[in-house]
Asker: 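Okay, handing you the structure first.
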Amino acid sequence: QMQLTESGGGLVQAGDSLRLSCQGSDRTFKIYAVGWFRQAPGKGRELVATINSLGKTVEYADSVKGRLTISRDNAKKTPYLKMDALQPEDTARYHCAADYFAPTTGQYDIWGEGPQVTVSS
């Protein structure tokens with residue numbers, strides 16, 4: 001089964017930008033829809049952005065609209081999550097996930113480990 005390996009987390013200051021990457025392990029990556037989730041300490045998991053397999057359809061949670069941008073490069077087997085104007089409330093562990101049926105089911109079967117993003121005020 002394809003695997004996802006994430007990178008790009010870290011400690012930043014409020015107002016900074018950060019880009020997360022999540023590379024797929026094989027060529028089948030291009031058929032999967034991708035979602036980025038985050039989970040803050042003591043809170044439930046939140047779906048923040050999704051992108052379909054061709055990169056033509058994207059959606060965002062209301063809480064991040066205008067600040068986060070999801071994209072993908074299928075040639076590099078890599079989706080990205082660009083985060084701008086980061087705030088302390090964005091502090092969370094961010095996971096990418098992939099699934100062929102996600103646009104229909106909303107469920108994701110393949111998960112990355114999840115880099116920690118910490119935003120200091």
Asker: Restricting to non-hydrogen atoms, name the atom on Phe29 and the atom on Pro79 that form the minimum distance, rounded to 0.1 Å.
Answerer: CZ-CD, 3.5 Å

Asker: Measuring from Met83:CE to Arg19:CZ, what's the distance to the nearest 0.5 Å?
Answerer: 11.5 Å

Asker: Looking at every non-hydrogen atom in both residues, tell me the closest pair between Ala49 and Tyr60 and how far apart they are.
Answerer: CB-CD2, 3.7 Å

Asker: Which value, rounded to the nearest 0.5 Å, describes the distance between Tyr100 atom OH and Ser53 atom OG?
Answerer: 7.5 Å

Asker: For Val34, run the side chain to side chain contact (heavy atoms under 4.5 Å, CB included) check against Ile51, Leu4, Asn52, Val58 and tell me which one passes.
Answerer: Ile51

Asker: Out of curiosity, Ser121 OG to Glu89 CD, how far, rounded to the nearest 0.5 Å?
Answerer: 10.0 Å

Asker: Counting N and O atoms only, with roles assigned by atom type, does the side chain of Thr104 sit under 3.5 Å from a partner on the main chain of Ala102, one being a donor and the other an acceptor?
Answerer: no

Asker: How many angstroms lie between atom CG of Asp99 and atom CE of Met2, to the nearest 0.5 angstrom?
Answerer: 9.5 Å

Asker: How long is the gap from CG on Asn74 to CG on Leu54, to the nearest 0.5 Å?
Answerer: 7.5 Å

Asker: Please tell me whether Gln1 and Asp109 have a donor and an acceptor in their side chains that are separated by less than 3.5 angstrom.
Answerer: yes

Asker: Output a table of donor-acceptor pairs, distance under 3.5 Å, between side-chain atoms of residues 37-47 and any protein atom two or more places apart or on a different chain; print 'none' if there are none.
Answerer:
unit_1, atom_1, unit_2, atom_2, d
Arg38, NE, Glu46, OE1, 2.9
Arg38, NH1, Asp90, OD1, 2.9
Arg38, NH1, Tyr94, OH, 3.0
Arg38, NH2, Glu46, OE1, 3.3
Gln39, NE2, Lys43, O, 3.0
Glu46, OE2, Ser63, OG, 2.7

Asker: Only counting residues at least two apart or in another chain, list the ones meeting side chain to side chain contact (heavy atoms under 4.5 Å, CB included) with Thr105.
Answerer: Phe101, Gln107

Asker: Does Glu59 have any side chain to side chain contact (heavy atoms under 4.5 Å, CB included) partners at least two apart in sequence or in another chain, and if so, which?
Answerer: Thr50

Asker: Count the heavy atoms belonging to other residues, nucleotides or ligands that lie under 6.0 Å from CD of Gln87, then report whether that count exceeds 12.
Answerer: yes

Asker: Using the disulfide bond (SG atoms under 2.5 Å apart) rule, collect all pairs that involve residues 25-85, keeping only residues at least two apart or in two chains.
Answerer: none

Asker: Does any part of the side chain of Pro115, heavy atoms only, come nearer than 4.5 Å to the side chain of Leu20, both counted from C-beta?
Answerer: yes

Asker: List the atom of Lys76, the atom of Thr78, and the distance in Å for their closest heavy-atom pair.
Answerer: O-OG1, 2.8 Å

Asker: So how far is it from His95 NE2 to Glu6 CD, rounded to the nearest 0.5 Å?
Answerer: 7.0 Å

Asker: Tell me whether Thr91 contacts the main-chain N or O of Thr118 through its side chain, where contact means a donor paired with an acceptor under 3.5 Å.
Answerer: no

Asker: Quick check: do Leu86 and Leu18 have side-chain heavy atoms less than 4.5 Å from each other?
Answerer: yes

Asker: Name all residues meeting the side chain to side chain contact (heavy atoms under 4.5 Å, CB included) criterion together with Ser17; count only those two or more places apart in sequence or in a different chain, and write none if there are none.
Answerer: Lys82, Asp84

Asker: Do you know which two heavy atoms are closest between Pro88 and Ser120, and how far apart they sit?
Answerer: CG-C, 4.5 Å

Asker: Who are the salt bridge (Lys or Arg N to Asp or Glu O under 4.0 Å) partners of Lys65, not counting sequence neighbours?
Answerer: Asp62

Asker: I want to check something: taking the side chain as every heavy atom from C-beta on, are Ile70 and Tyr80 in contact at a cut-off of under 4.5 Å?
Answerer: no

Asker: Do other residues, nucleotides or ligands put more than 12 heavy atoms under 6.0 Å from Glu113 CD?
Answerer: no

Asker: If two hydrophobic side chains count as joined below 4.5 Å and joins carry through other members, does Tyr108 share a cluster with Ile110?
Answerer: no

Asker: Looking only at heavy atoms, which two atoms of Tyr32 and Ala98 are closest? And how far apart?
Answerer: CB-CB, 3.9 Å

